[in-house]
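These notes concern the structure reproduced below.
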Protein chains: 2
Amino acid sequence: MSPLTDSGPLRADSARVRAQMLAAARARIGEGDLDLPMNAIAKAAGVGVGTAYRHFPTRQALLEALAVQSLAALVADAVAGAADPDPAVGFTALLRNGLRLLRDDPTLAAVLSSTEPPCLATTTDLNAQLGGAVQTILERARAEGVIRPDVTADDIRRLICGVQHAVAAGQGDDAADRYLDILLAGLRP
Amino acid sequence: MSPLTDSGPLRADSARVRAQMLAAARARIGEGDLDLPMNAIAKAAGVGVGTAYRHFPTRQALLEALAVQSLAALVADAVAGAADPDPAVGFTALLRNGLRLLRDDPTLAAVLSSTEPPCLATTTDLNAQLGGAVQTILERARAEGVIRPDVTADDIRRLICGVQHAVAAGQGDDAADRYLDILLAGLRP
DNA sequence: ACCTGAACACCGTTCAAGT
DNA sequence: ACCTGAACACCGTTCAAGT
């Protein structure tokens, strides 16, 4: 069973290698270093480069594996938002939570704003779940008349990534809340 | 006179090398290749790598040199917008023109959304001119009551780069106009 | 079967040697 | 003075050889 199928349990040592690589990559990212040299990560994880490539054939695959946690959290938030009694509250909560997750995890921003199709089936699944939940939120908000009628789930994904980009294009100031507010105001009908 | 001072005329051959490098870099970018390998550009321009580095000590310097045209055009647009009889018109024209220039020139996006200070004095100058003109536009629009009072020139820079990012995070669709509209609506008081 | 790491190609950057 | 390109360090990626 290849790790690439990402279905079924891995052998114990394979899972260990995978975890060590992810930990090494996260350590690098934690130090602000956003690019992930395969050679360096393999060495830090104590495995040969070939083994590293067997687990993550491309840097994008590694990036997606790192982002799975945050992406799953975002899906959970979106599902919760879709079930909120007040559609407007669910909608604003989605944007607020999304922006927070994007700020806390740079790999999520990389995965969410990528134009390429995902490497991992898990990412594809989570993306689909996210799209479904966001669409539900939008339909309910639209029925309530609290958002522009022409906004799609894909628009929301792109716009929230754009706001994150704007927030990141400055020093650690109070921009996040203000920009989120501007986006919310702009999305009202 | 070193080319790095970017003041005063260059010797004829130096100017030729510079132009050849910029042309080679633009050719690469034109093919969608956004990173600029110094070795490859030096070879394409027919000069040694050392000479390439004397002209552009870092890739950021090369990027800024490529962006100067677009940045100057944006400054001109902003100055024109600041002189518009109708502050609201000047303001919307600024955002519209800015987004168009960002879409047409990927190097402008790289330079405008960079958090690092510029390499070239020219970039610093143009940035300052741009900031001044945008601030004038904002003050006039604020006096007219057509924008939120707390929006700064830096916010505008970051937000327009964010919208560009959102536009770029999709296929060639009609997103640019819609996202610009959302931003404009969000910026109203 | 799986893992290793030498090996090849490539890019950034410097600097001794040329003119 | 200025230019050249060999040279060194580094990273991506593959694959023959080991276990």
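Computed over heavy atoms, backbone and side chain alike; hydrogens, waters and symmetry mates excluded. Residue numbering restarts at 1 for every chain, and letters A, B, ... go by the order of the sequence lines.
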Rounded to the Å, how far apart are [X] [atom1] and [N] [atom2]?
X: B/Gln20; N: D/dC3; atom1: CD; atom2: P; result: 12 Å
X: B/Phe56; N: D/dC3; atom1: CZ; atom2: P; result: 13 Å
X: A/His55; N: C/dT4; atom1: NE2; atom2: C1'; result: 13 Å
X: A/Tyr53; N: D/dC15; atom1: OH; atom2: C1'; result: 13 Å
X: B/Asp35; N: D/dG12; atom1: CG; atom2: P; result: 13 Å
X: B/Leu62; N: C/dT13; atom1: CG; atom2: P; result: 12 Å

Table of protein N/O atoms under 3.5 Å from nucleotides 6-11 of chain C N/O atoms:
none

Review point. Got more than 12 heavy atoms from elsewhere within 6.0 Å of CD, B/Glu139?
Key: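 Atom CD in B/Glu139 is crowded, with more than 12 foreign heavy atoms closer than 6.0 Å.
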Check your understanding: Salt-bridged, A/Arg96 to A/Asp77, with N to O below 4.0 Å?
Key ->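 No salt bridge links A/Arg96 with A/Asp77.
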**Study point:** Test: B/Asp155 and B/Arg148 ion pair at under 4.0 Å
**Key:** no
**Study point:** B/Thr152 side chain to B/Asp154 side chain, donor-acceptor N/O pair below 3.5 angstrom
**Key:**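 Result is no, nothing qualifies.
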[N]: pairing nucleotide in any strand, Watson-Crick or G-U under 3.5 angstrom:
N: D/dC3; value: none
N: D/dA17; value: none
N: D/dG12; value: C/dC8

Practice item. Say whether, by atom type as modelled, one donor and one acceptor occur between the side chain of B/Arg140 and the main chain of B/Asp84 under 3.5 angstrom. Key: yes
Review point. Donor-acceptor pair, A/Arg158 side chain versus B/Val163 backbone, under 3.5 Å?
Key: no
